[in-house]
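Because the structure is a prediction, the values reported are computed rather than measured. We number each residue from 1, following the sequence as shown.
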Amino acid sequence: MPDNPLYLLLHPRSVATAGAGNNPMKMGTLQALSLIKDGYQGKFYPIHPTDKIVLGHRAYASPLELPETPDLALIVVPTDQVIPVLEDFAKIGTKRAIIISAGFRETGDAGRERETRLKEIAAASGMRFLGPNCMGVMNTGTALNMTIGELPKRQGALGFASQSGTYVAQTISYLKERGIRFSKAVSCGNEADIDIIDVLEYLGEDEQTKAIILYIEGLRDGRRFVEAARRITPHKPVLAQYVGGSAAGAQAGQSHTGALTGPDLLYEGIFRQAGIIRCHSIEDLYAHGWAHATQPPLRGNRLAVVTNSGGPGTAISHTADQGGMTVPRFSDALQAKIRPLIPPHAACGNPVDLTFHLDTQVLALTIPGFIMESGEVDGLILHGAVNSGFMKMVYSHISGMMADVSREAFLEMMAKEMPAAVELPRKYGLPLLISSFFGRDDNFTSLYMDHDIPVFDSPEKAARGMASLLRYKEIRERKPIENPAMPVEHPEAARIIRAALAAGQRALDEHQAKQILALYGILVTREGIARTEDEAATIANGIGFPVAVKACAWGIMHKSGRGLIALNIQTEEALREAFRSVRNAAGRPLPVLIQEMVEGNREFVAGMTRFPGFGPCILFGQGGVFTEALQDTTLRVAPLSAVEAAEMLTDIRAKALLGEFRGLPAVDGPALAGILRTAGTIALLHNEIAEIDLNPVIIADSRPVVADALFLLRA
């Protein structure tokens, strides 16, 4: 842990600030005040060009005048002053810096040059820095606060790394109202040096952090991100929101932090590959992350629902079912314990619906306790446990019936204490989530929040929070990932590619592509190249009719709809006619591929493309002529383990086609997954290949056979 660049940055013994003064409306002053006021116990050295005293502390005109070398420099100065200030800190040996100032890569070429200079200064002196263009850090474990918001008084358990400074620095009051507290939070900014992966690795080892959330606009080293997350997620939940996958999101992200973005499908795939739970809103990122950080892990998918109203109970059950939970009917014995506690007309089978019921001890403690100790469920959602909030709501209507009873006296008279209710998760080792339409001004809501039991403001949100816990149960139970051993490059495959490039080809023709696939063990169609009708007839008779006839040249990327392919040719006469027709459509006497017809009603697509920062990524999905229209695909970063390739098969919506289907046998899953793994291997071994498109991969009985292949080459 001390070797991680975040350790010293989050545990400095001394901090120097450049940019803090005595004007409370300046960013640097606000951040220095956070450091001073929130309990930091280390040494504080303000740097100011003219003021001798800053915020009650002696100030220094330059880093060069400091009495000692600070562990950490906080730089909040105009853009043109950042480089000389950082140079001064480098001269005195400061090893960590946080650069809040903006005006670097996110602004264009000139800013990019300034950012490059920052990296050169740091590299030459052994310094590591966060930013620029960030909003600081906080560590509730040491009362270190270098943001503009007030640090929570209690330590938190949720670690946060964000590529948006606002989500770290300006959400403190929002989170406080919901009982959510960070362990550590880091605004990553432009990531010129320390990046979000460094923060992830630090939080993965941090004992105070029980769950990690990430706000991501783009990654520059996707493969390293996946590897880092895969080491963490088996023992600590990681959740992420990605917002750069649309054109608008990508444009905003690039202008915001200069981040590299990729298609949404790519990030969806790498999150699954790494065992990361994806959230689609910042609200869910905070709330679900807090549930993971505070609640015991789910042991199964059986959910109990206890409510004082039928509607919320139905909404919770419906949403939980969509998320993979079950709401099982309680045993007769458990129902017999619950029945005497609720009205005769109320339901006790699960959900338990007390209807209108003001005995909150029964609702929030007795019945949940019976259910949790029964062993019949794995988690519980409670709706309707309220006290003072409800009494405040009804007081104005009933006050006329209560002469001389003030609002304060009424609330005191009706107040109830129920400390044992918040001990249920720890007592039984089961997660408890609360749904309530009343906020922190209700004493029960605040009780739950103050004891780290998540409260959601709608039934559906609570159910989705529980479903998120179920996702992590599935991740914990995932088979171990074993990195595959990389085979050696096949010399004949390398020769085919070199010859194609030497001939000026920008792609391999279909036959060349299939030759390479076969060299690496992928099953392809039986076929041959014909340059005359007689050669075509000889090949077809050797394969056996029916056959397919295709134009075969590297410049022909797609053949359908252009007269360049003829299928299901049954006779030699029809073959010769198809040969002439294909050549006429091509407009020149190009080679013709004679290929066996593969019988099969199920078609898939496999492929590879490269993304900056990620390297080769493998695609799988529904194939055939409707691939683009169906949009049912998934992606992973190569190389693929056997587990990861098998998971890709079940990612698609049409996964039912892989099993026994309408009299068809189940697909040979290992063979199909093997195609995906091998496509990744080929891409890693042969960097000259830009893209691979295997479409269709036809399922013949149960065997996957590649019926068409396209390899694009890199210039």
Side-chain angles (χ1 to χ4, degrees), residues 222 226 242 244-247 249-250 261-280 322-324 467 471 474 478 522 557-558 560-561 598 600-611 614 616-638 640 642-680 683 691-710 712:
V226 171
Y242 170 64
S246 66
T261 59
D264 195 79
L265 182 68
L266 171 62
Y267 280 79
E268 180 72 28
I270 67 167
F271 288 163
R272 290 175 182 263
Q273 186 173 11
I276 292 173
I277 300 165
R278 187 174 186 184
C279 297
H280 292 278
Q322 290 181 320
R471 297 288 81 77
E474 295 165 352
R478 191 183 188 196
I522 292 178
M557 306 294 180
H558 302 286
S560 299
V598 178
N601 296 321
R602 293 170 289 183
E603 296 183 350
F604 297 96
V605 60
M608 181 281 299
T609 190
R610 297 177 189 270
F611 292 99
F614 292 84
C617 297
I618 305 304
L619 176 141
F620 172 73
Q622 286 195 73
V625 296
F626 299 117
T627 297
E628 291 83 0
L630 293 171
Q631 292 289 301
D632 186 14
T633 53
T634 187
L635 275 173
R636 298 289 192 274
V637 175
L640 294 175
V643 170
E644 291 166 328
E647 289 174 343
M648 290 184 72
L649 305 185
T650 57
D651 257 7
I652 63 173
R653 297 189 302 275
K655 60 186 176 184
L657 293 176
L658 296 165
E660 295 181 1
F661 189 80
R662 295 191 174 183
L664 298 173
V667 174
D668 184 341
L672 187 55
I675 291 176
L676 305 180
R677 297 183 69 191
T678 303
E691 293 183 32
I692 296 174
D693 184 16
L694 312 181
N695 186 24
V697 178
I698 298 175
I699 306 303
D701 294 325
S702 63
R703 298 179 310 152
V705 181
V706 176
D708 203 344
L710 171 65
L712 299 182

* To do: Write down the atom of V667, the atom of R602, and the distance for their closest heavy-atom approach.
  => CG2-NH1, 3.6 Å
* **Whether N695 side chain and V605 backbone form a donor-acceptor pair below 3.5 Å** => no
* **Exercise: identify the closest heavy-atom pair between R610 and P616** => NH1-CD, 3.7 Å
* Looking only at heavy atoms, what is the nearest atom pair of R653 and L630, with distance? -> NH2-O, 2.7 Å
* **4.5 Å side-chain heavy-atom contact, R662 and N601** => no
* Is atom CZ of R278 surrounded by more than 12 heavy atoms (other residues, nucleotides or ligands) closer than 6.0 Å? -> yes
* Among L266, D651, I270, side-chain contact (heavy atoms from CB on, under 4.5 Å) partner for R636 -> D651
* **Gap separating the CD atom of E647 from the CG atom of L676, nearest 0.5 angstrom** => 12.0 Å
* To do: Please examine the side chains of F620 and I652, heavy atoms only from C-beta on, and report whether any two atoms are closer than 4.5 Å.
  => yes
* Main-chain N/O of L672 paired to R677 side chain as donor or acceptor, under 3.5 Å -> no
* **Heavy-atom pair with the smallest gap, counting every atom of L694 and V697** => O-CG2, 3.7 Å
* To do: For residues A656 and F661, report the shortest heavy-atom separation together with the two atoms involved.
  => O-CD1, 4.0 Å
* To do: Give the ring-plane orientation class for Y242 versus Y267, where under 30° counts as parallel, over 60° as perpendicular and anything between as tilted.
  => parallel
* Is it the case that more than 12 heavy atoms not belonging to E660 sit under 6.0 Å from its CD atom? -> no
* Flag the pair M557 / L712 as yes when at least one side-chain heavy-atom distance between them is below 4.5 Å, and no otherwise. => yes
* Could you state the interatomic distance from CD1 (I618) to CD1 (I675), rounded to the nearest 0.5 Å? -> 12.0 Å
* **Side chain proximity check, Q273 to L640, heavy atoms < 4.5 angstrom** => yes
* **Atom pair CG/OG1 of D693 and T627 - distance to nearest 0.5 Å** => 8.0 Å
* Asked: With a 4.5 Å heavy-atom cut-off, do L658 and F604 have their side chains touching?
  -> yes
* Structure fact -> OG1 of T634 to CG of L619, rounded to nearest 0.5 Å, is 8.0 Å
* Show your working on side chain to side chain contact (heavy atoms under 4.5 Å, CB included) between C617 and V637 and close with a plain yes or no. => CA-CA 4 Å; C617 297; V637 175; 4.1 Å; yes
* side-chain contact (heavy atoms from CB on, under 4.5 Å) with P670: which residues, sequence neighbours excluded? -> D668
* To do: Heavy atoms only: give me the nearest G600-I698 pair and the separation to one decimal.
  => CA-CG2, 3.8 Å
* Just how far is it from atom OG1 of T633 to atom CD of E268, taken to the nearest 0.5 Å? -> 11.0 Å
* Ion pair R478/E474, N-O distance below 4.0 Å -> no
* Structure fact -> CD (Q622) and CD (Q631) are apart, to the nearest 0.5 Å, by 11.0 Å
